[in-house]
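The next block holds one structure in the form of structure tokens; read it before the comments.
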Amino acid sequence: MNRMIRKFWMVIAVLQTAFLIGCADEIGGVYLVDGLESKLHAGTDQVATVFFTAGGAWTATPKVDWLDVLPQSGEGGRNSLSVVTTLPNRTKQERKGQVIIASGGKEQAVEVVQLNEYALFAPKVYEIGPEGGGVDMSFETNIERGTLLLSYVKLDWVKMPEEKAKTRVDGWKGKVKTITILPNDTPVERSAPFMLGIYDDNKDFMPLDTAWVRQKPMAVAVNP
């Protein structure tokens, strides 16, 4: 008899649990499974994935302008969303932001930290005359030597140093090896971008800053 009574109450307890969970689903709410806190690199397009269960229709809203979320809404049940950086962090400090997931009048905050890796050109534009010449780009960085990379577009009027493109860093300031710009004998101004960056966790190049070389065109003779 005692065994039957215990079994009876065990069944009742299971039913109550099921009933309570069912009520929670109907009322709404957000239950984060993974991704409550994330750290992302300082560049753009860095992604963190958040897994959660929602009791009903839900929305996700970033509270800072350097974050976006995909998707921004959905239905109840098991879900996931991607938190994406839309701007590089050039503040030289870590910064924090939030994404708010809301369902049924209840909210859950996802905390995101964007790291403070930086490499900043100064100046960001180098003007070169039509006769061409050398360009020495200066930068400031907290990236350790051997990790910072220079990315550029191969152009027939830009001559990179004979050694493979490297950077030399002295403390937190450095210079790119001298870049040679060939004469511009066309009537059109031309420009070329150069990017400093690092590899992210996916081994993709992550640009941190861009400088431009702009070259004036050769003057066109006017017939009298």
Side-chain angles (χ1 to χ4, degrees), residues 39-47 64-68 84-95 97 112-224:
K39 287 190 175 183
L40 297 175
H41 286 296
T44 59
D45 300 322
Q46 301 300 298
V47 182
V64 291
D65 62 357
W66 48 270
L67 287 178
D68 197 6
V84 186
T85 56
T86 58
L87 295 172
N89 182 6
R90 293 173 178 158
T91 66
K92 299 184 182 180
Q93 297 178 343
E94 287 187 357
R95 57 183 179 182
V112 179
V113 173
Q114 192 177 30
L115 300 176
N116 67 332
E117 305 130 323
Y118 67 87
L120 303 173
F121 282 111
K124 297 185 187 299
V125 178
Y126 294 83
E127 300 281 358
I128 300 296
E131 69 281 1
V135 176
D136 291 304
M137 296 183 177
S138 299
F139 61 88
E140 183 179 359
T141 184
N142 67 346
I143 307 299
E144 64 182 21
R145 184 171 182 168
T147 302
L148 187 63
L149 304 169
L150 178 70
S151 178
Y152 56 92
V153 178
K154 290 184 178 180
L155 299 168
D156 58 8
W157 53 276
V158 176
K159 186 178 180 182
M160 301 301 294
E162 290 185 7
E163 293 184 24
K164 213 168 183 179
K166 295 180 181 178
T167 57
R168 57 183 188 270
V169 179
D170 181 14
W172 275 276
K173 294 182 183 295
K175 287 188 176 182
V176 177
K177 289 181 181 293
T178 301
I179 298 168
T180 302
I181 306 300
L182 301 181
N184 183 4
D185 55 3
T186 76
V188 180
E189 181 176 297
R190 55 192 183 185
S191 60
F194 295 83
M195 293 176 285
L196 286 174
I198 59 176
Y199 287 127
D200 63 16
D201 294 337
N202 296 320
K203 304 302 181 185
D204 294 324
F205 179 75
M206 181 180 72
L208 296 172
D209 201 13
T210 303
W212 289 83
V213 171
R214 292 177 181 167
Q215 187 179 30
K216 299 291 184 182
M218 191 70 71
V220 178
V222 179
N223 294 325

Q. Between the main-chain N or O of Gly129 and the side-chain N or O of Gln215, is there a donor-acceptor pair closer than 3.5 Å?
A. yes
Q. Taking the side chain from Arg190 and the backbone from Val213, do they hold a donor-acceptor pair closer than 3.5 Å?
A. no
Q: Could you pull out the closest heavy-atom pair between Arg95 and Pro88, with the gap in Å?
A: NH2-O, 3.2 Å
Q: State, with a plain yes or no, whether a side-chain heavy atom of Ile179 is found less than 4.5 Å away from one of Tyr126.
A: no
Q) How long is the gap from CG on Asp68 to OG1 on Thr44, to the nearest 0.5 Å? A) 12.5 Å
Q | Check: Leu115 main-chain N/O paired with Asn89 side-chain donor or acceptor under 3.5 Å | A | yes
Q. Less than 4.5 Å apart, any side-chain heavy atom of Met218 and any of Asn184?
A. no
Q | Nearest heavy atoms of Val176 and Phe139, plus distance in Å | A | N-CE2, 3.9 Å
(Q) Tell me the closest heavy-atom pair linking Asp65 and Thr86, and the distance in Å. (A) O-OG1, 3.1 Å
Q. Is a donor on one side and an acceptor on the other found under 3.5 Å between the side chain of Ser138 and the backbone of Lys175?
A. no
Q) So, Asn142 side chain and Asn116 main chain: donor-acceptor pair closer than 3.5 Å or not? A) yes
Q. So do Glu131 and Pro183 actually touch side chain to side chain, heavy atoms under 4.5 Å?
A. no
Q. Taking everything shown except Lys39 itself, do over 12 heavy atoms lie less than 6.0 Å from its NZ?
A. no
Q: Could you tell me whether a side-chain N or O of Gln46 sits under 3.5 Å from a main-chain N or O of His41, the two making a donor and an acceptor?
A: no
(Q) Contact between Met160 and Leu150 at the side-chain level, heavy atoms closer than 4.5 Å - yes or no? (A) yes
Q. Are the side chains of Val135 and Ile128 in touch, meaning some heavy atoms are under 4.5 Å apart?
A. yes
Q: Taking all non-hydrogen atoms of both residues into account, name the closest pair between Gln114 and Gly43 and its distance.
A: NE2-O, 3.5 Å
Q: Report the distance from atom CH2 of Trp212 to atom CE of Met195, rounding to the nearest 0.5 Å.
A: 8.5 Å
Q: Taking Asn202 for its side chain and Asp204 for its backbone only, find out whether a donor-acceptor pair lies under 3.5 Å.
A: no
Q | Spacing of CD belonging to Glu117 relative to CG belonging to Leu148, to within rounding of 0.5 Å | A | 11.0 Å
Q. Any idea which heavy atoms bring Trp157 and Ala192 closest together, and the distance?
A. CH2-CB, 3.8 Å
Q | For Val113 against Glu94, the heavy-atom pair lying closest together | A | CG1-OE1, 3.6 Å
Q: With the side chain counted from C-beta on, respond yes when Tyr199 and Leu149 share a heavy-atom pair under 4.5 Å apart, and no when they do not.
A: yes
Q: Could you tell me the separation between the CD1 atom of Ile143 and the CD1 atom of Ile198, rounded to the nearest 0.5 Å?
A: 4.5 Å
Q: Check whether any side-chain N or O of Asp209 sits under 3.5 Å from a backbone N or O of Phe121 as a donor-acceptor pair, and report yes or no.
A: yes
